[in-house]
Amino acid sequence: MRDVAAAAGQVPPETTQQAVGYPALFVLVALGALVPVIPTGALVSSAAVVAFHHQSLPFGLLLVFGVSALAAFTGDVALYWLGRRGVRSRNGSRWLEALRGRATPERLEQAQTKLDQHGVLVLVVSRLLPAGRIPVMLACLLAELPLRRFARGDAPACLAWAATYGLIGILGGSLFSEPWKGVALAVGLTLLISAGPSLWRRLRPER
């Protein structure tokens with residue numbers, strides 16, 4: 001028993017954090033892509049702050065980037081696959097109806113126009129814009145875009161998304177010596193980015 005306890009005491013805390021933290025990051029980001037109520041951008045930025053302070057650079061940051069991008073891609077492809085089942089079904093599906101409920105007719109029309117003009121490249125921009133992912137995904141579904149073609153456009157979109165929010169986390173981690181301050185700044189920035197457009201639409205005078 002003493003040998004076991006001694007061996008356990010020699011395990012570095014960072015190893016335990018990695019064993020728990022990266023799978024948790026993957027699951028939460030993938031779930032956030034499926035059910036867009038989890039602030040996945042804030043999760044990625046916070047993980048980048050922790051990696052910046054507590055793990056060897058740049059290995060920890062690269063892991064955060066890779067896990068986040070893969071999780072976002074997995075969630076997007078799963079949601080698109082579920083949406084395609086709804087499009088093909090006569091009765092639709094709750095996933096397709098949920099996507100319709102999150103995209104106003106105006107945003108959907110804009111997404112359809114951009115999809116016609118730029119093809120799957122619009123997925124890269126939509127992933128970076130707040131509330132831009134769902135209308136473009138719905139436009140792809142209504143255009144009956146094959147899953148394979150959607151995945152080819154979504155892969156670079158998820159890489160760009162993970163890199164963007166990872167850089168926000170690096171910024172927060174580099175400005176403060178204490179990790180929690182960097183996490184607070186990163187979360188604040190990501191929430192401001194996500195809520196900014198909707199607040200602007202509400203505050204601006206109607207034309």
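Nothing here was measured: the structure is a model prediction, and the numbers come from that model. Reckoned from all heavy atoms, side chains included, excluding hydrogens, waters and symmetry mates. Each residue takes its place number in the sequence, starting with 1.
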Inset, instruction - Mind listing the closest non-hydrogen atom pair of G153 and L123 along with its distance? - result: C-CD1, 3.7 Å
Legend entry - Verify same cluster id: V27, V44 (apolar side-chain graph, 4.5 Å): yes
Legend entry - Hydrophobic cluster membership, L129 vs I134, 4.5 Å side-chain cutoff: no
Inset, instruction - Just do the side-chain contact (heavy atoms from CB on, under 4.5 Å) check on L159 and F65 with the steps written out, would you? - result: CA-CA 8 Å; L159 290 172; F65 168 74; 3.7 Å; yes
Inset, instruction - Over all heavy atoms of both residues, which pair between A151 and V77 is shortest? Give the atoms and the distance, please. - result: CB-CG2, 4.4 Å
Legend entry - OG on S126 to NE2 on H118, rounded to 0.5 Å: 12.0 Å
Inset, instruction - May I ask you to decide if L145's main-chain N or O and R84's side chain share a donor-acceptor pair within less than 3.5 Å? - result: yes
Legend entry - For L34, the option from T74, V29, L82 that meets side-chain contact (heavy atoms from CB on, under 4.5 Å): L82
Legend entry - L115 with V125, same ILVMFWY side-chain cluster at under 4.5 Å: no
Legend entry - Minimum heavy-atom distance between V64 and A48, given as atom pair plus value: CG1-N, 4.0 Å
Inset, instruction - Report, as yes or no, whether the 6.0 Å neighbourhood of atom CD on Q117 holds more than 12 heavy atoms from other residues, nucleotides or ligands. - result: yes
Legend entry - Side-chain heavy-atom pair Q112, L142 within 4.5 angstrom cut-off: yes
Legend entry - Sole candidate of D154, L147, L138, L99 that passes side-chain contact (heavy atoms from CB on, under 4.5 Å) when paired with Y80: L147
Inset, instruction - Find out whether K114 and V136 are in side-chain contact, i.e. whether some heavy atom of one side chain is under 4.5 Å from a heavy atom of the other. - result: no
Inset, instruction - Would you give the length of the straight line joining atom CG of L141 to atom CG of L108, rounded to the nearest 0.5 angstrom? - result: 10.5 Å
Legend entry - S68 backbone acceptor or donor facing Y165 side chain under 3.5 Å: no
Legend entry - Short side-chain to backbone donor-acceptor contact, R133 and A33, under 3.5 Å: yes
Inset, instruction - Kindly give the heavy-atom pair with the smallest separation between G32 and T40, and that separation in Å. - result: CA-CG2, 3.6 Å
Legend entry - Shortest non-hydrogen contact from W161 toward L128: CA-CD2, 3.6 Å
Inset, instruction - Indicate if L28 and L79 have the same hydrophobic cluster label, given that clusters are the connected sets of ILVMFWY residues with side-chain heavy-atom separations under 4.5 angstrom. - result: yes
Inset, instruction - Report yes or no: do V124 and V122 belong to one cluster of Ile/Leu/Val/Met/Phe/Trp/Tyr joined by side chain heavy-atom distances under 4.5 Å? - result: no
Legend entry - Heavy-atom pair with the smallest gap, counting every atom of G60 and Y22: O-OH, 3.5 Å
Inset, instruction - Check the pair R100, E97 against side-chain contact (heavy atoms from CB on, under 4.5 Å), reporting the backbone distance first and the verdict last. - result: CA-CA 5 Å; R100 289 182 182 274; E97 291 304 317; 4.0 Å; yes
Inset, instruction - Measure the CZ-CD distance between R149 and E144 for me, rounded to the nearest 0.5 Å. - result: 13.0 Å
